[in-house]
Chemist: 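This is the structure I want to talk about, given as structure tokens.
These numbers come from the heavy atoms of this one structure, side chains and all, not from hydrogens, waters or symmetry mates.
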Amino acid sequence: MTDLHGFPMIAAVLAIAAVAGLLATRLRQPMIVAFIGVGVLVGPVGTGWVTSEGTIELLARLGIAILLFLVGLRLDIHMIRDTGPVALATGLGQVLFTSVIGFLIAIALGMETVTAVYVAVALTFSSTIIIVKLLSDKRELDQLHGRIAVGFLIVQDIVVVLVMIGLTAWGQQTGDNVALDMAVVAGKGIGLLVGVVLAMRAMPWLLHHIARSQELLVLFGVSYAVSVAAFSEWLGFSSEVGAFLAGVSLAGTDYRDALGARLVSLRDFLLLFFFLDLGAKLEFTDAGQQITDAVVFSVFVLVGNPLIVIVIMALMRYPVKVGFLAGLTVAQISEFSLILAALGLGLGHITNATVSLITMVGLMTIGGSTYLILYSHQIYARIGRFLKVFDRTGKRVADTAADAIRSDAAEVVLYGLGRFGSHVANSLSQAGYQVLAVDYDPSRVGADQLPGITAIFGSAEDTYFLETLPLIRARAVISTIPALDTNMALVHALRQHGYTGRVAVTAFTRHDAEQLHAAGVDTVLEPFALAAQASAREFIGLIGITESEPTDTDPDAAPPPPGPAMPQTEDPHINGADHRAANKGGDFDRRRRLD
């Protein structure tokens with residue numbers, strides 16, 4: 001078997017990887033799965049083009065360094081702060097319980113203690129890259145479960161770096177005096193951190209001159225990441241730790257976003273070689289036993305990890321559905337788990353067989369969890385009733401039901417206090433209307449509100465919760481939640497309760513808006529369209545063009561049935577909420593006067 005070094009061979013491997021990547025996208029799978037499979041194909045088990053050392057391994061190490069550099073560069077502590085205690089509690093709690101239970105499973109399967117520790121720790125980390133991509137594609141990053149998931153994934157990224165530091169320190173113990181060895185490691189670590197802090201002070205000035213050339217900025221980023229990684233390795237730490245700290249040292253500069261955006265493509269390309277190298281190192285000498293163990297661990301990750309998150313979030317009185325959707329994001333192990341396994345192999349703590357086992361678990365869980373996340377709402381619709389046993393929101397709902405009764409003077413019931421909903425609630429309050437706002441995010445309910453707004457805990461999908469609301473006196477029910485299923489359920493429940501007031505719901509897409517109109521909703525709020533209309537008016541004023549005739553985004557739409565008039569304010573979210581429900585000429589004249 002010869003190492004891959006010739007240009008034709010590299011071209012062949014890249015071509016195979018491209019075909020495998022196309023197949024993965026058709027199957028809606030992350031590229032990681034395809035690239036590891038290609039590594040198996042071109043490795044010793046397959047064609048033998050790639051062996052354990054050589055060009056591929058060097059490119060793989062560069063890919064890992066760039067990956068950790070970007071993680072440090074984009075480390076956003078504010079994201080953890082925004083999601084509150086739930087991100088820390090869920091992130092740290094899931095890592096703790098998964099590692100403990102995983103260790104016990106590994107011991108029960110007959111593994112040695114050190115091997116069991118590595119396997120258990122590898123099961124705890126989830127892929128931030130994959131999860132953010134999937135949630136972004138589903139437009140769920142800004143929803144409650146998406147924000148919580150990103151928060152505790154950042155916590156996991158921090159933990160994995162600390163684990164790598166601890167493992168390298170453990171690997172450097174050469175004598176019998178453990179205390180002395182640890183003191184030497186700690187001294188080197190402090191020296192490395194001091195160097196990073198000094199670099200942070202000099203970087204803004206240096207980058208100001210470097211950033212004048214975009215090509216030079218990219219070259220500097222790569223060279224700086226690799227240099228600090230190499231220096232960290234020379235001190236006895238892993239190169240991954242050094243690359244991460246290099247990113248952290250630039251995270252506070254004004255150029256981090258520009259640098260990060262230009263290195264993403266390079267990271268993705270170089271990581272191809274890491275996964276190829278990983279696949280080439282897979283051993284199948286005891287395939288039967290490894291597959292059995294991999295299935296056991298995969299089932300634990302796919303089922304156990306989400307349950308751990310559900311339980312932790314339920315204890316913090318979050319709705320079960322939120323815990324379920326957030327929990328699915330940890331139903332796989334990440335590229336960091338594979339990097340951790342490679343680090344353990346390099347330190348001599350584990351064997352290639354253990355790395356192969358962790359890699360197989362990664363393939364199974366990444367593939368399985370992708371479909372779980374893509375079809376999360378459909379899955380919950382089928383199994384949600386079985387998860388109600390974990391529900392702990394009853395007391396919170398009972399407490400807020402009393403608030404709802406005390407707020408029986410509310411003229412508007414509004415669901416959702418997100419960015420859009422909070423603006424709507426504030427505008428209504430400023431117009432003199434009493435607003436009863438309902439949200440299932442405890443942090444939003446507990447936030448300070450304007451006079452005239454009473455915020456209570458509740459869910460738009462809980463039809464029984466409607467019985468506690470003062471619907472008889474409410475002139476309108478508004479939902480600023482952009483979920484079609486949730487809004488459909490709310491509209492159906494309002495009809496069952498005999499509500500006769502105006503109903504306004506939110507839709508992100510034209511298709512959803514059409515379905516809601518067809519269901520008989522009075523008003524459909526389209527935030528993107530409203531923002532475009534408000535922005536267009538600002539642009540028209542900016543460039544000095546005078547409107548000569550009224551315009552409307554949907555001139556052919558029929559007006560809804562008449563109902564109680566809603567308040568008019570200067571907030572474009574309210575003014576442009578539904579032109580179809582207003583007299584078009586009068587509305588246009590009024591907007592011109594306001595402008």
Side-chain angles (χ1 to χ4, degrees), residues 57-82 128-129 132 150 153-165 168-169 184-274 335-336 339 343:
E57 185 180 34
L58 176 60
L59 293 173
R61 295 191 65 189
L62 288 174
I64 296 172
I66 298 300
L67 170 65
L68 271 296
F69 175 71
L70 288 179
V71 170
L73 191 68
R74 295 185 177 275
L75 185 62
D76 191 356
I77 301 298
H78 297 291
M79 179 65 72
I80 303 175
R81 190 178 304 162
D82 291 341
T128 303
I129 297 174
V132 169
V150 173
L153 287 173
I154 292 175
V155 173
Q156 288 187 359
D157 290 344
I158 297 173
V159 172
V160 73
V161 173
L162 295 177
V163 170
M164 288 180 182
I165 294 175
T168 52
V184 171
V185 172
K188 291 180 179 179
I190 292 174
L192 180 60
L193 291 176
V194 169
V196 169
V197 171
L198 293 176
M200 291 174 68
R201 294 181 177 274
M203 284 303 159
W205 175 85
L206 182 61
L207 284 174
H208 176 71
H209 297 279
I210 291 176
R212 295 176 181 177
S213 170
Q214 298 302 314
E215 294 85 357
L216 183 59
L217 181 64
V218 173
L219 176 60
F220 169 77
V222 175
S223 63
Y224 180 62
V226 175
S227 298
V228 178
F231 180 67
S232 173
E233 191 172 45
W234 178 75
L235 287 176
F237 297 100
S238 67
S239 59
E240 291 84 1
V241 172
F244 173 80
L245 292 177
V248 171
S249 69
L250 300 182
T253 66
D254 296 332
Y255 304 97
R256 76 165 193 170
D257 292 328
L259 183 57
R262 285 166 175 77
L263 289 181
V264 166
S265 297
L266 179 61
R267 175 204 66 188
D268 294 341
F269 177 70
L270 291 176
L271 279 180
L272 159 66
F273 297 100
F274 169 70
E335 63 275 7
F336 287 118
I339 293 171
L343 175 62

Chemist: Do the charged groups of R262 and E215 touch, with an N to O distance under 4.0 Å?
Modeler: no
Chemist: For A199 and Y224, work out which heavy atoms get closest and say how close.
Modeler: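 A199 and Y224 have their closest heavy atoms at CB-OH, 3.5 Å.
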Chemist: Atom CG of L250 and atom CE of M203: how far apart are they, to the nearest 0.5 Å?
Modeler: 5.5 Å
Chemist: side-chain contact (heavy atoms from CB on, under 4.5 Å) with L270: which of L263, L67, L62?
Modeler: L62
Chemist: State whether the number of non-hydrogen atoms from other residues, nucleotides or ligands found under 6.0 Å of R267 atom CZ is greater than 12.
Modeler: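 Buried by this count: over 12 neighbours within 6.0 Å.
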Chemist: Over all heavy atoms of both residues, which pair between A246 and A225 is shortest? Give the atoms and the distance, please.
Modeler: CB-CA, 4.1 Å
Chemist: I want to check something: taking the side chain as every heavy atom from C-beta on, are W205 and R201 in contact at a cut-off of under 4.5 Å?
Modeler: no
Chemist: Nearest 0.5 Å, what's the CD1-CZ distance between I64 and F336?
Modeler: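 The distance works out to 10.0 Å.
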Chemist: What heavy-atom pair brings A65 and A243 nearest, and what distance separates the two atoms?
Modeler: O-CB, 3.3 Å
Chemist: Out of V222, L70, L217, L207, which one pairs with L259 under the side-chain contact (heavy atoms from CB on, under 4.5 Å) rule?
Modeler: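 Running side-chain contact (heavy atoms from CB on, under 4.5 Å) over V222, L70, L217, L207 with L259 returns exactly one hit, L217.
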Chemist: When the ring planes of F273 and F269 are compared, do they come out parallel, tilted or perpendicular, using 30° and 60° as the limits?
Modeler: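 Rings of F273 and F269: perpendicular, as their planes differ by over 60°.
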Chemist: How many angstroms lie between CZ in F69 and OG in S249, if you round to the nearest 0.5 Å?
Modeler: 7.0 Å
Chemist: For the residue pair Y255 and P204, establish whether any side-chain heavy-atom pair is separated by less than 4.5 Å.
Modeler: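 The answer is no, as the side chains (C-beta and beyond) never meet within the 4.5 Å cut-off.
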Chemist: With rounding to the nearest 0.5 Å, note down the distance linking CG in L216 to OG in S223.
Modeler: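 Between atom CG of L216 and atom OG of S223 there are 8.5 Å.
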Chemist: Is a side-chain N or O of R256 found less than 3.5 angstrom from the main chain of L73, in a donor-acceptor match?
Modeler: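 Side chain of R256 to backbone of L73: a pair is present.
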Chemist: Could you grab the distance from atom CG of L206 to atom OG1 of T253, nearest 0.5 Å is fine?
Modeler: 10.5 Å
